[in-house]
Protein chains: 2
Amino acid sequence: NIRNLAMEKVATTVMFPCKYVSSGCSVLLLHTEKANHEEACECRPYQCPCPGASCKWQGSLDQVMNHLTMAHKSITTLQGEDIVFLATDINLPGAVDWVMMQSCYNHHFMLVLEKQEKYDGHQQFFAIVQLIGSRKQAESFAYRLELNGHRRRLTWEATPRSIHEGVSSAILKSDCLVFDTSIAQLFADNGNLGINVTISMC
Amino acid sequence: NIRNLAMEKVATTVMFPCKYVSSGCSVLLLHTEKANHEEACECRPYQCPCPGASCKWQGSLDQVMNHLTMAHKSITTLQGEDIVFLATDINLPGAVDWVMMQSCYNHHFMLVLEKQEKYDGHQQFFAIVQLIGSRKQAESFAYRLELNGHRRRLTWEATPRSIHEGVSSAILKSDCLVFDTSIAQLFADNGNLGINVTISMC
Ligand SMILES: [Zn+2]
Ligand SMILES: [Zn+2]
Ligand SMILES: [Zn+2]
Ligand SMILES: [Zn+2]
């Protein structure tokens, strides 16, 4: 028998520290639990929440807003629970992101509209809201995205993502408001699409 | 000059009867108006409203329900303004249609869920409601389709189509509730998808 039973025993009983121990996490984990915990670990640094991977910034949650204000000056902010996110020139070709901030309930939310071609020749739009905050904080909110047209309305309601998890995995799973270019045309006015965004506490 | 000015003059001033004159339409039209009118003409026979082109029945509006009852016995009917349209086995491969009837406000509505592959390798679902009635009658109603999941809701509100126009052109334009298989998975339970359907008068 060439299995090393002693080492197997170690792997199933020895506890390892989380890799974010130096950032303040004191959790000890079995080898098999490490990857899952570290992905969700509150001590893992926050990445820049802007869609696309171009900005490499990372830091703590309380530095995120400062980073956005300094490094992403072009992002506009609207105040209030109920605002209109106006995406201009939605017919621009290729992958495009529209981003804006909404402030309410003493929190900041980032609204993202992403146009991409997941399937060959089929452009889709993905709209989603993420909280500048932790997953736990995100759970106390709900958001509603609404496209309003002539005798038509398309609505998506969900829990905001935390910027700690980000929006790309939700977009990949279509766990957001998804619509194609024909629907965009039904609701757009002169190439501009208004999305009503309402944040509520739950 | 080889243009026949006399004939051109005829074409722009002579009035022609609608081709459904024998079904009771007394409208007279310019040559250029004929096609549009005849497509919308209330005297044009109604086709069988079942999705797919397999049934070739056509007749008058007041014969449609009788046709459905006699020739499409497998379609179930639910009574009420607010019902659940349960589509079973949504993971069945290929193009599939789910159909049911809803009766309320002394009218019959046909609910259609269609799964098809408009774009290569990308299956989508299209859900829509059509009134067993004329376009004019359809305008006094609104319908809402709702997918409800864990902390998620997707809603589409619109005017029902009349079976006189049918649903295929709306599906082609995505002028209906559209979602892909990933979204279907978010809301389905064990391969069955419940769609809340609410009809209202407006
Ligand atoms: Zn940790
Ligand atoms: Zn950044
Ligand atoms: Zn006519
Ligand atoms: Zn039929």
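Labels below follow one simple rule: chain letters A, B, ... track the order of the sequence lines, proteins then strands, and each chain is numbered from 1. Given the structure is predicted, the values throughout are model-derived calculations rather than measurements.
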Only residue of B:Thr155, B:Leu154, B:Asn148 satisfying side chain to side chain contact (heavy atoms under 4.5 Å, CB included) with A:Glu157 is B:Thr155
Which distance, rounded to the nearest 0.5 Å, do you find between the NZ of A:Lys118 and the OH of B:Tyr119?
14.5 Å
Note: vs chain A, highest number of non-hydrogen pairs under 4.5 angstrom among B:Arg152, B:His122, B:Lys173 is B:His122
Top contributor to chain B interface from A:Leu172, A:Thr181, A:Asp180, A:Val178 [non-hydrogen pairs under 4.5 Å]
A:Asp180
Can you confirm whether B:Met201 is buried at CE, in the sense that more than 12 heavy atoms of other residues, nucleotides or ligands lie under 6.0 Å from that atom?
yes
Options A:Arg144, A:Gln124, A:Glu146, A:Gln185, ranked by heavy-atom pairs under 4.5 Å with chain B, top entry:
A:Gln124
Region of B:Asp175 in contact with chain A, defined by heavy-atom distances below 4.5 Å:
both
Using heavy-atom distances under 4.5 Å, tell me whether B:Leu186 contacts chain A through its side chain, its backbone, both, or neither.
side chain
The interface call for B:Glu139 against chain A, heavy-atom contacts under 4.5 Å, is both
Counting only heavy atoms not in A:Lys19, do more than 12 sit closer than 6.0 Å to its NZ atom?
no
If I compare all heavy atoms of B:Ile183 with all of A:Ser174, which pair ends up nearest, and what's the gap?
CG1-O, 3.3 Å
Using non-hydrogen atoms only, which part of B:Tyr143 is less than 4.5 Å away from chain A: side chain, backbone, both, or neither?
neither
